[in-house]
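Structure, as structure tokens:
What you see is a predicted model, and the numbers here were worked out from it, not measured in a lab. Chain naming here is simple, since letters A, B, ... match the order of the sequence lines and numbering starts at 1 in each.
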Amino acid sequence: MDTATVDTRPSYLENGHSWQSWLLTKDHKRIAILYLITITLFFFIGGLFALLIRLELMTPAGDMVEAETYNKFFTMHGVAMVFFFLIPSIPAVLGNFLVPVMIGAKDLAFPRINLLSWYILVVGGLFTLGAVVMGGVDTGWTFYTPYSTAASNTHVIMTGLGVFISGFSSILTGLNFIVTIHKMRAPGMTWFRLPLFIWAHYATSIIQILGTPVVAIAVLLVALERTLHIGIFDPNLGGDPVLYQHLFWFYSHPAVYIMVLPGMGVISELIAAFARKAIFGYKFVAFSSLGIALVGFFVWGHHMFVSSQSVYAALIFSFLSYLVAIPSAIKTFNWTATLYKGSISYQSPMIYAFGFLGLFLVGGLTGLFLAALGLDVHVHDTYFVVAHFHYIMVGGSIMAYLGGMHYWWPKISGRMYPEGWAKFAALMVFVGFNLTFFPQFLLGYLGMPRRYHMYPEEWQVLNVLSTAGASILGVGYLIPMVYFTWSFVKGEKAPANPWGATGLEWTIPSPPPTENFTTTPIVTEEAYAYSNREMKVA
Amino acid sequence: MSAHIASLRLYWTVFALLMVMTVLTVAVTFVDLGAANLYVALGIAIFKATIVVLYFMHARWSSRLTHVVILSGIVFLGILFSFTLADYFTRGYIGVAGK
Amino acid sequence: MWFKNPFVPEQASEFASSVDTFYFFMVSVSAFFAILVVTLVAVFAIRYRRRHEHEAGTPVHGALALELTWTLIPLGIAMVMFFWGASIFFAMSKPPSNAMEIYVVGKRWMWKFQHMTGQREINELHVPVGQPVKLLVGSEDVIHSVYIPAFRVKMDAVPGRTTTLWFTPTKTGRYHLFCAEYCGQKHSGMRGTVVVLEPAEFQAWLAGGPATGSMADAGQKLFNDLACATCHRDDASGRGPSLKDVFGSTVTLAGGATVTADDAYLRESIVNPQAKIVEGYAPLMPTFQGLVTEEQLNQLIAYIKAQAGGTPGTAAPATGTPAPGAPAASGTQPSTE
């Protein structure tokens, strides 16, 4: 299988240098790079708003910006991070790059649709950025009615359109992945030989295809009610505001799994590679992804326990929410068990994976608090919720995303990054993250509501701690940005397989040629067959 | 990819059926059927959607996998409707306003 | 609690201690699993660290027994959490019949309260200690949420609906009241104070307020001003059904269906009269959507309720069933009948 070293074809990065060769490319790897640049931009926009939020909350009085401005800050932070960074992050960058390579295919099933979905994201993003430039939007990323349809006088429609459009990007990417995974696996790549990264993306794609249309419809109805005053959500027009919450969370709760399932897939790869051992309970981990995707669609009502939803519906949703916690527990225990008798190295991607385990654990366990009816009544809409979903979506997804970027960066760029800096950044992110968000759990239980521009003085100490943590976290995110950019130009050349890992992506050169494989690979073994081979780095 | 080629005659038949149904939809709005108004309109719409999917979208001649994909969409719509209605239909069960 | 935990808000209602006990259980279980997993990861990571570059892990095949263990034990614990949480939630959902009713209206960006005896308050709510209090919550514009951390209760104020929240204060003092659902510009300024008083002090406070007449009185005045009385007469001679004794009764609708005349039904019949037509009457009534404010709507409902004398839940202390622990309150509160 080791034909990689004699491969002389130009890499995908060298294959054309013109603008057209990038902007009209049908190569999934180049499209992944386009996504990488786009979502990094949105991450910085979202991060900037986060920084402004934390600065305002350093003092209890709302003294830095006007209340209205503050409301726009947290709305734009949420919209940019959720719809334009977290949802596309791992699937559109790492998934795009790796799904075809990992299953031994030349490209995704629909390369043109793949390029189209990037353009759609960009158009959606431009609408949203346009709304920011024109003065912003202040409804919160949830666009709750009737505030969004009848009261807010900001650019709701434009932002909503941005979200609506970007949804189609997500749907098309999901569609592309599903067809690719079904139809383009290399000979011998049976379903149970697929890397768990692929299983996770398969499950994610199902959610993207089935859930996204509903939020698109919900946002569209908001726009229609604002412009044409049709009575869907506004009670003054005969509508029901709670109906919006049903439609919105039907997608937006599963959307959390769009954000975290690919991260779980990355972690499975990292733990297998750096423990040099097959994932314990492969089938349980694979099916738990599908379990999460499926049961995740039945739990949305846990966002509505105090919204005047009926007590019986609340009971059903609480019960099902506890069921969806089980697959996540199964994954965590299986990852832990994988370490047993492994050969564990502490290279930077593994440090991120350890960080993920710790933060995801806290995020997942506090989810149990919120699924509990009687307890959620108290902590609902407080900083407890804010802390919980940041532990999942930032502590979980972004840790996994960064871990994955460090693991596959040599493959993507063909260069190594400075290992010492990478470990330092991982530590900064971990410490900064906990300092930012752990105090928010305490604030939440003490009763501090979310989306508050000013707050009672007794909560200042915890808020200052949180802001201090955010500054560390911010630096922690900037460092990888700097050394990745540096390494792209100056980094040491990466070998085909710097980690001594299994998986088809490590059998081809770094960076891979445009067609990925010279000849279609034939797969003869399970994923993570570490014991079957002579360990060889390079 | 679709190996099956449906006859032009079949397409025209389906098209004609759709047109008839459209006329029927408009026609029944002139008759007050009471509570049945909604169900008749929905029934016609579902019938039209079904024949479009079966014949125009070739689902009738597609593989099992395609059928699973189509059915999963319908099942998920069912989840959305049934769980949302589970809230609406059980409101006020315990006789407390807003519970 | 025998010591003051700085990370727990004041416990000032009967729910506070049950919620906190549950919370500490959840924290303990979470801490146990977090420490378990972190310890295992740390121990394995050190014990099985890579000792030379070409080393691979020893294959360990999955074990069904182990998988079942870490599926079923968490499932069992999750079910305990579910039932415990649900039981607290049920207690929070069902106010006792002797609860004192107070109407709350959220409006950007203030809270308006009206006691059954007529006293109005803005951003401040006075309640007696030891007496179950039931808030009937409405909103004039967008969704708000009544949140009193010291009582561990929260309920959204949804425009177009009446929602319910109840608690029994156990400790006198002043407590925060927040709007917990984002409602626009001054959302974080939509704060108030709940003042819990000794029953006698509460009576004194009630007596000291400006006497504007009870809610039912105000409702009766509105009922006449809006000419409701032209059609809704006390006997069956009007064009609309008689509203005497209608609250709490079973109403037969056109088409044969029946409905219990509760708060939600009365509200709907005022703002959207065509939704449920009473059997034997023509759909003549115009909508009052937008013509009456949320508070006026509450007054009208209070008046209709008061006409159904003796119905449990209407201005409880006045019905002659003294609330346990609050005899003073029930004895001296003015009647609304």
If I measure from the heavy atoms of chain B, does Phe317(A) come under 4.5 Å with its side chain, its backbone, both, or neither?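 For Phe317(A), the side chain is the part near chain B, not the backbone.
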Which atoms of Leu320(A) come close to chain B, meaning under 4.5 Å heavy atom to heavy atom: side chain ones, backbone ones, both, or neither? side chain
Relative to chain A, which segment of Leu65(B) carries a heavy atom at a distance below 4.5 Å: side chain, backbone, both, or neither?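 Leu65(B) touches chain A through side-chain heavy atoms alone.
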Verify the neighbour count for atom [atom1] of [X]: are there more than 12 heavy atoms of other residues, nucleotides or ligands below 6.0 Å?
| X | atom1 | result |
| --- | --- | --- |
| Phe192(A) | CZ | yes |
| Met21(B) | CE | yes |
| Lys106(A) | NZ | no |
| Phe389(A) | CZ | yes |
| Phe89(B) | CZ | no |

At their closest point, which heavy atom of Val242(A) faces which heavy atom of Arg91(B), and how far apart are they?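 Val242(A) and Arg91(B) have their closest heavy atoms at CG1-NH2, 3.5 Å.
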Closest heavy-atom contact between Ala86(B) and Ser310(A)?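 Closest pair (atom of Ala86(B), atom of Ser310(A), distance): O-OG, 4.2 Å.
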Go through the structure and list residues passing salt bridge (charged side-chain N to carboxylate O under 4.0 Å, His left out) with Asp107(A), not counting sequence neighbours.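 Asp107(A) satisfies salt bridge (charged side-chain N to carboxylate O under 4.0 Å, His left out) with no residue once adjacent residues are dropped.
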Spacing of [atom1] belonging to [X] relative to [atom2] belonging to [Y], to within rounding of 0.5 Å:
| X | Y | atom1 | atom2 | value |
| --- | --- | --- | --- | --- |
| Ile79(B) | Leu294(A) | CD1 | CG | 6.5 Å |
| Tyr312(A) | Tyr93(B) | OH | OH | 8.0 Å |
| Thr84(B) | Trp249(A) | OG1 | CH2 | 14.5 Å |
| Phe83(B) | Phe250(A) | CZ | CZ | 10.0 Å |

Given the options Ile316(A), Leu247(A), Asp240(A), Ile206(A), which has more heavy-atom pairs under 4.5 Å with chain B than any of the others?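 Looking at each option in turn, the highest pair count goes to Asp240(A).
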For Asp87(B) and Ala313(A), indicate whether the former's side chain and the latter's backbone hold a donor-acceptor pair under 3.5 Å. no
Could you tell me whether the side chain of Tyr88(B) and the main chain of Leu243(A) form a donor-acceptor pair under 3.5 Å?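 Confirmed, Tyr88(B) side chain pairs with Leu243(A) backbone.
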Do any of residues 172-191 of chain A come closer than 4.5 Å to chain B, heavy atom to heavy atom, and if so which ones, in number order?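 From residues 172-191 of chain A, the residues near chain B are His182(A).
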